[in-house]
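What follows is a single structure, written as structure tokens, with notes after it.
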Protein chains: 2
Amino acid sequence: MLRKSADRGILNAVPLADQPTPTPAPAQPAKRARRADAERNRDAIIEAAGAVFAEQGGTVDVREIARRSGVGMGTLYRHFPTKDHLLATVLEQEFTSWLTAAHQTATATEDPWQALTGFFEQTLTHLARNRALVESYAATGGPTHECARHRDSVFDDLRTRCLNAGLLRPDVSTADLVLLITSLSRAIQATGDSHPGQWRRLLRISLDGLSSRNTEPLPEPAPNADPGRRWRAAPGRLG
Amino acid sequence: MLRKSADRGILNAVPLADQPTPTPAPAQPAKRARRADAERNRDAIIEAAGAVFAEQGGTVDVREIARRSGVGMGTLYRHFPTKDHLLATVLEQEFTSWLTAAHQTATATEDPWQALTGFFEQTLTHLARNRALVESYAATGGPTHECARHRDSVFDDLRTRCLNAGLLRPDVSTADLVLLITSLSRAIQATGDSHPGQWRRLLRISLDGLSSRNTEPLPEPAPNADPGRRWRAAPGRLG
DNA sequence: GCCTAACCGGAGCAAGCGCTCCTCTTTAAG
DNA sequence: CTTAAAGAGGAGCGCTTGCTCCGGTTAGGC
């Protein structure tokens with residue numbers, strides 16, 4: 001039952017030092033290039049890991065990933081120093097490719113409100129298919145801080161467009177929108193397969209609440225952390 | 001990193017066969033009553049477990065609970081056959097005592113809308129203080145099915161009152177309200193200590209979206225579960 | 001005060017999981 | 001073709017964690 005290791009978080013904001021930059025350092029000795037089989041295996045690992053993480057979440061046994069990609073443990077750990085590094089790599093890829101697509105869709109949509117709601121719908125549909133991604137939202141608001149910043153800028157863009165058109169209640173912050181996504185991702189997880197799509201009703205309700213037809217101001221956020229709170233920090237906890 | 005067993009949920013809807021009914025069966029042999037020290041230890045365990053679960057969630061090491069209650073492992077497992085049983089006992093106590101209080105408050109509130117919003121506020125404030133309770137919401141919608149049913153009836157009561165007063169958009173279901181609580185509990189977890197109270201803004205937004213001033217109908221829920229879905233992998237990189 | 005069933009405590013077992021070590025195989029430069 | 005470096009693979013280590021076992025202790029009926 002319930003493992004403590006979950007406390008270590010879905011990923012610890014790993015620096016991702018090993019990027020897909022196969023170009024060797026142009027130093028003097030001109031090291032030998034990466035072998036073809038190694039390249040092939042790396043790809044296989046990433047693909048298998050992507051599938052497994054999406055299905056089972058970030059808690060899967062590394063052996064399962066190795067098995068599915070037809071590779072040994074040693075090979076896996078040759079390419080990725082840590083399970084968290086592998087997870088971060090996969091999630092970052094998934095996240096940025098989605099964000100780029102969703103942003104393009106939103107930009108191509110004339111009506112600002114339509115752009116905002118469409119973005120939410122697209123985001124959550126994507127999240128509904130990827131368990132590890134949902135977990136990463138719970139832990140750190142996204143796979144990496146870099147990713148989160150990128151997403152925030154997109155959100156801010158959408159928000160500004162809606163504000164200028166007078167469609168959004170004026171005191172909604174970008175942080176509110178991000179928190180809304182995080183919150184709704186829980187609804188997706190909770191409904192799961194038994195009530196697919198019920199989260200869309202909640203999304204509609206929330207979006208209606210964002211509309212400028214609601215005139216009362218939102219409660220002010222507390223300016224700083226309340227030290228009296230009982231929850232320990234516990235770096236990155238999934239829910 | 002992330003645990004696999006999380007899949008098993010925070011608790012497996014344990015039957016809770018061992019209730020706080022210390023009365024021995026009134027059978028013929030008139031068994032000896034429970035010893036005083038045993039009773040004391042049981043209480044100490046429940047109290048310590050309550051604190052530890054609230055702070056650290058359901059994943060804590062059982063040894064920590066034993067240590068805090070000043071009791072050995074053997075003693076702990078004499079009173080509770082399983083960690084999950086202990087967790088269920090604690091959560092059920094916490095849940096019902098809260099639900100009773102919150103229901104009374106709501107019933108005593110004249111204005112139906114005030115009663116509903118107050119109930120949400122009270123519930124979420126309580127959840128913000130108990131990590132294990134939040135987890136149980138994510139897993140099964142509440143500590144036990146019994147608890148969940150009780151809560152649903154309270155929600156249904158509040159909903160009916162608001163509907164009769166014409167304050168709630170008419171097609172909001174009880175399930176929507178429960179899902180909203182579940183969803184917002186994630187917001188509480190996500191904001192944690194760093195942005196305490198930010199979830200109140202989201203709560204306000206959602207409640208505004210529930211108001212009858214929003215006239216458009218909600219999307220129909222899918223009638224039944226789609227058996228083909230199972231956290232399918234993202235079909236290749238999207239983009 | 002005696003005696004026995006009930007109780008206590010913690011060392012230890014088994015299973016799960018991240019990760020390493022080491023031997024054997026394969027690639028590709030020369 | 002030769003050969004050395006890079007890669008592959010899987011048994012196994014170390015650690016955590018849920019739970020058990022059993023010798024020692026104590027309450028409480030008589």
Side-chain angles (χ1 to χ4, degrees), chain A residues 1-12 14 18 22 24 29-45 48-49 52-53 56-88, chain B residues 1-12 14 18 22 24 29-45 48-49 52-53 56-88:
Chain A
M1 33 249 31
L2 314 174
R3 280 204 251 103
K4 170 77 149 270
S5 25
D7 294 7
R8 293 181 43 198
I10 184 161
L11 54 84
N12 303 343
V14 143
D18 88 310
K31 280 260 188 148
R32 189 183 280 189
R34 180 145 36 187
R35 263 165 52 173
D37 53 346
E39 199 87 23
R40 240 178 298 126
N41 275 334
R42 192 191 148 96
D43 290 349
I45 291 169
V52 173
F53 282 143
Q56 328 231 51
T59 66
V60 278
D61 192 333
V62 193
R63 289 163 179 80
E64 168 73 14
I65 297 173
R67 208 176 307 126
R68 276 233 226 167
S69 46
V71 144
M73 293 290 294
T75 305
L76 196 153
Y77 276 94
R78 165 175 304 278
H79 289 288
F80 300 93
T82 273
K83 181 186 176 184
D84 279 348
H85 275 79
L86 171 57
L87 181 54
Chain B
M1 9 328 330
L2 320 179
R3 43 210 166 87
K4 162 96 136 260
S5 22
D7 297 6
R8 294 181 40 197
I10 185 161
L11 54 82
N12 304 343
V14 143
D18 89 312
K31 282 261 189 146
R32 189 183 281 188
R34 179 148 36 187
R35 264 164 53 172
D37 53 347
E39 199 86 24
R40 240 178 298 126
N41 275 335
R42 191 191 147 96
D43 291 349
I45 291 169
V52 173
F53 282 143
Q56 328 229 52
T59 65
V60 277
D61 192 331
V62 193
R63 289 164 180 80
E64 169 72 14
I65 297 172
R67 207 176 308 128
R68 276 233 227 167
S69 46
V71 144
M73 292 291 295
T75 305
L76 195 154
Y77 275 95
R78 164 174 306 278
H79 289 289
F80 300 93
T82 273
K83 181 185 176 184
D84 279 348
H85 276 80
L86 171 58
L87 181 54

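Letters go in sequence order (proteins before strands), and every chain restarts at 1.
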Hey, does the side chain of [X] come within less than 4.0 Å of [N]'s phosphate (OP1/OP2), counting only N and O?
X: Tyr77(B); N: dT20(D); result: no
X: His79(B); N: dC8(C); result: yes
X: Thr82(B); N: dC19(D); result: yes
X: Thr75(B); N: dC7(C); result: no

Taking the side chain of [X] as heavy atoms from C-beta outward, which of [options] is closest to it?
X: Lys83(A); options: dG18(C), dC7(C), dA8(D); value: dG18(C)
X: Met73(A); options: dG18(D), dG10(D), dG18(C); value: dG10(D)
X: Arg35(B); options: dT26(D), dC19(C), dT26(C); value: dT26(D)
X: Val71(A); options: dG9(D), dG7(D), dG18(D); value: dG9(D)
X: Val62(B); options: dC19(D), dG9(C), dG18(D); value: dG18(D)

For Arg35(A), what residues pass the salt bridge (charged side-chain N to carboxylate O under 4.0 Å, His left out) criterion, not counting sequence neighbours?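 Arg35(A): salt bridge (charged side-chain N to carboxylate O under 4.0 Å, His left out) contacts with Asp37(A).
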
Quick test of your reading of the model: are Glu39(A) and Arg42(A) salt-bridged, counting only N-O distances below 4.0 Å? no

Can you check the [X] [atom1] to [N] [atom2] distance for me, whole Å?
X: Arg78(B); N: dC22(D); atom1: CZ; atom2: C1'; answer: 12 Å
X: Asn41(A); N: dG10(D); atom1: CG; atom2: P; answer: 12 Å
X: Asp61(A); N: dC17(C); atom1: CG; atom2: P; answer: 5 Å
X: Leu76(A); N: dT20(C); atom1: CG; atom2: C1'; answer: 13 Å
X: Leu87(A); N: dC17(C); atom1: CG; atom2: P; answer: 16 Å
X: Phe80(A); N: dG18(C); atom1: CZ; atom2: P; answer: 16 Å
X: Arg40(B); N: dT26(D); atom1: CZ; atom2: C1'; answer: 11 Å
X: Asp84(B); N: dT17(D); atom1: CG; atom2: C1'; answer: 13 Å

Between the first and last five pairs of the helix from dG1(C)-dC30(D) to dG30(C)-dC1(D), the angle of the axes, rounded to 10 degrees: 0°

Looking at [X] and [Y], what are the two nearest heavy atoms and their distance?
X: Met73(A); Y: Ala66(A); value: SD-CB, 4.1 Å
X: Gly58(B); Y: Leu87(B); value: CA-CD2, 4.3 Å
X: Arg34(A); Y: Ala38(A); value: CG-CB, 3.9 Å
X: Tyr77(A); Y: Thr82(A); value: CE2-CA, 4.1 Å
X: Ile45(B); Y: Leu76(B); value: CD1-CA, 3.8 Å
X: Lys83(B); Y: Val60(B); value: NZ-O, 2.7 Å

So Ala36(A), base contact, sugar-phosphate only, or nothing? Heavy-atom distance under 4.0 Å. sugar-phosphate

Between the base of dG18(D) and the side chain of Arg63(B), is one N or O donor paired with an acceptor at under 3.5 angstrom? yes

Quick check: any donor-acceptor pair below 3.5 Å linking the side-chain of Arg67(A) to the base of dG9(D)? no

